[in-house]
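Presented below is the structure to which this report refers.
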Amino acid sequence: MLRLALTPRWLGWLSLVAVACVAFLLLGQWQWDRYETKQARADRVEAHYTAPAVPVEEVLGQDPVPLDQEWRRVEATGTYDAAETVLARNRPHEDGYGSEVLVPLRLDDGRTLIVDRGWVANSPEGAEVRPDVPEPPTGEVEVTGWVRPGEPDLDRDMPDDLVASINLDQLADRVGGEVLGGYVIMQDEQLLGASDGAGAERPTPLEEPDTGIGPHLAYAIQWWLGIPAAIAFVLVALRREARVEAGLPAREPKPKKVRIWDEEDG
């Protein structure tokens, strides 16, 4: 077998199997990384989504919010700056595509929290036309919601009231003020004192986060199992050819089964 394996033809086959095994290893690792990412996200959602709300200043500061704080449930008190409302375009929802409504909440300490109040469908006249957006209440409100980290800047030129992604640096330039390092998806809002806007419509609430982890773990195991399978396949083929060259049957003959009545006849 060793002499046959060192021939050019079999060296080519063995090299091909080695390349395939490396590919299987990398593909398995890719699926494993996706599994770990989704599992970690599901763990964060399950740990934070229904937990009691904490003051926003306990979670958010000026630095970008750490990933392990994603989906923390927080509450914040302030006043909406409706004039600086921005729409994040091209956002999917069960009803189609539309925009998410981002409104700056001016906090009592002077800082600004970006609040995602929900989703609105595209205008019937097309995505280029600004849709009707429910106005936020005026006066002091208490907002409860879930923390999300900012999104990457997609580097697209947009009108002043539209953004392609929820990038907090970009939003800080547009809405002004000292913007906190994470935004909040609104769960609900309570009007305080002499606030105006009770009973006003709000945008459609966003869908709950998906906690499914998909089939990535199974795919990773399948790719990795392909490594011993490929090695076993090429070794069996090599052994068979070596036996044929030696004048032996390609397979070793199986031992003949002796039946009970054959022993009795003997």
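Counting from 1, the numbers follow the sequence of the chain as shown. For clarity, every value in this text was computed on a predicted model and none was experimentally measured.
- One distance of note links OG1 of Thr138 with CG of Leu191; it measures 8.5 Å at 0.5 Å rounding.
- For Arg156, there are no salt bridge (charged side-chain N to carboxylate O under 4.0 Å, His left out) partners at least two apart in sequence or on another chain.
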Output a table of donor-acceptor pairs, distance under 3.5 Å, between side-chain atoms of residues 214-227 and any protein atom two or more places apart or on a different chain; print 'none' if there are none.
unit_1, atom_1, unit_2, atom_2, d
His216, ND1, Gln31, OE1, 2.8
Trp224, NE1, Leu25, O, 3.3

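- Residues Leu162 and Val175 are members of separate hydrophobic clusters, defined by side-chain heavy-atom contacts under 4.5 angstrom among Ile, Leu, Val, Met, Phe, Trp and Tyr.
- Under the side chain to side chain donor-acceptor pair (under 3.5 Å) criterion, the residue pairs touching residues 44-59 are Arg44-Glu70, with sequence neighbours excluded.
- With hydrogens and angles ignored, the 3.5 Å screen pairs a side-chain donor or acceptor of Glu207 with a backbone N or O of Glu94.
- With sequence neighbours excluded, the residues forming a salt bridge (charged side-chain N to carboxylate O under 4.0 Å, His left out) with Arg111 are Asp109, listed by chain and number.
- Put simply, the side chain of Arg41 reaches to within 4.5 Å of the side chain of Pro209, judged on heavy atoms.
- Between Leu60 and Gly182 the shortest heavy-atom distance is CD1-O, 3.5 Å.
- Following chains of ILVMFWY side-chain contacts shorter than 4.5 Å, one cannot reach Val45 starting from Val74, and the two form parts of different hydrophobic clusters.
- No side-chain heavy atom of Val17 sits less than 4.5 Å from a side-chain heavy atom of Phe233.
- Contact record, Val103 with Thr85: CG2-OG1, 3.8 Å, taken as the closest heavy-atom pair.
- Nearest approach of Val163 to Leu171, heavy atoms of both residues: CG1-CD2, 4.0 Å.
- Put simply, the side chain of Arg202 gets close to the backbone of Arg117: a donor and an acceptor are under 3.5 Å apart.
- Annotation: side chain of Arg174 is not in contact with side chain of Glu84 (no heavy-atom distance under 4.5 Å).
- Between Ser99 and Val133, every side-chain heavy-atom pair lies at or beyond the 4.5 Å cut-off.
- Pro134 places a side-chain heavy atom less than 4.5 Å from the side chain of Val120.
- The number of heavy atoms from other shown groups lying within 6.0 Å of CD (Gln62) is above 12.
- Connection of Val56 to Val59 is established within a shared hydrophobic cluster, with ILVMFWY side chains joined at heavy-atom distances below 4.5 Å, either directly or through further cluster members.
- Qualifying salt bridge (charged side-chain N to carboxylate O under 4.0 Å, His left out) partners for Asp161, counting only residues two or more places apart in sequence or in other chains: Arg130.
- Remark: Glu151 engages Arg91 in a salt bridge, criterion side-chain N to carboxylate O under 4.0 Å.
- Hydrophobic cluster membership for Tyr97: none, as no Ile, Leu, Val, Met, Phe, Trp or Tyr side chain comes under 4.5 Å of it.
- Val143 is listed as a side-chain neighbour of Tyr80, based on a closest heavy-atom distance under 4.5 Å.
- Side-chain contact between Leu105 and Val184 is absent, with no heavy atoms from C-beta onward closer than 4.5 Å.
- By the side chain to side chain donor-acceptor pair (under 3.5 Å) test, Arg34 is found to be paired with no residue, residues two or more places apart in sequence or in another chain being considered.
- Note that CD1 of Ile166 is 5.0 Å distant from CD of Glu100, once rounded to the nearest 0.5 Å.
- Trp146 and Val115 fall into different hydrophobic clusters, defined by Ile, Leu, Val, Met, Phe, Trp and Tyr side-chain heavy atoms under 4.5 Å apart, directly or through other members.
- Applying the side chain to side chain donor-acceptor pair (under 3.5 Å) test to every pair with at least one member in residues 163-173, sequence neighbours left out, gives no pairs at all.
- When the side chain to side chain donor-acceptor pair (under 3.5 Å) test is applied to Asp68, no partner is found at least two apart in sequence or on another chain.
- Closest heavy-atom contact between Leu168 and Leu180: CD1-O, 3.7 Å.
- Side-chain contact between Thr77 and Val141 is absent, with no heavy-atom pair separated by less than 4.5 Å.
- Applying the salt bridge (charged side-chain N to carboxylate O under 4.0 Å, His left out) rule to pairs touching residues 216-238 yields nothing, sequence neighbours excluded.
- Within 6.0 Å of the CG atom in Asp108, the count of heavy atoms belonging to other residues, nucleotides or ligands exceeds 12.
- With rounding to the nearest 0.5 Å, the separation of CG in Leu16 from CG in Leu11 is 12.5 Å.
- Here the closest non-hydrogen pair linking Gly176 and Val179 is O-CG2, 4.2 Å.
- Criterion: ILVMFWY side-chain heavy atoms under 4.5 Å apart, direct or through other members. Under it, Val86 and Ile185 are part of a common hydrophobic cluster.
- Nearest heavy-atom pair across Leu113 and Ala76 is CD2-CB, 3.8 Å.
- Atom OG1 in Thr204 sits 6.0 Å away from atom CH2 in Trp119 (nearest 0.5 Å).
- Shown here are the side chain to side chain donor-acceptor pair (under 3.5 Å) partners of Trp32, two or more places apart in sequence or in another chain: Glu36.
- Among pairs with a residue in residues 11-25, none fulfils side chain to side chain donor-acceptor pair (under 3.5 Å), at least two apart in sequence or across chains.
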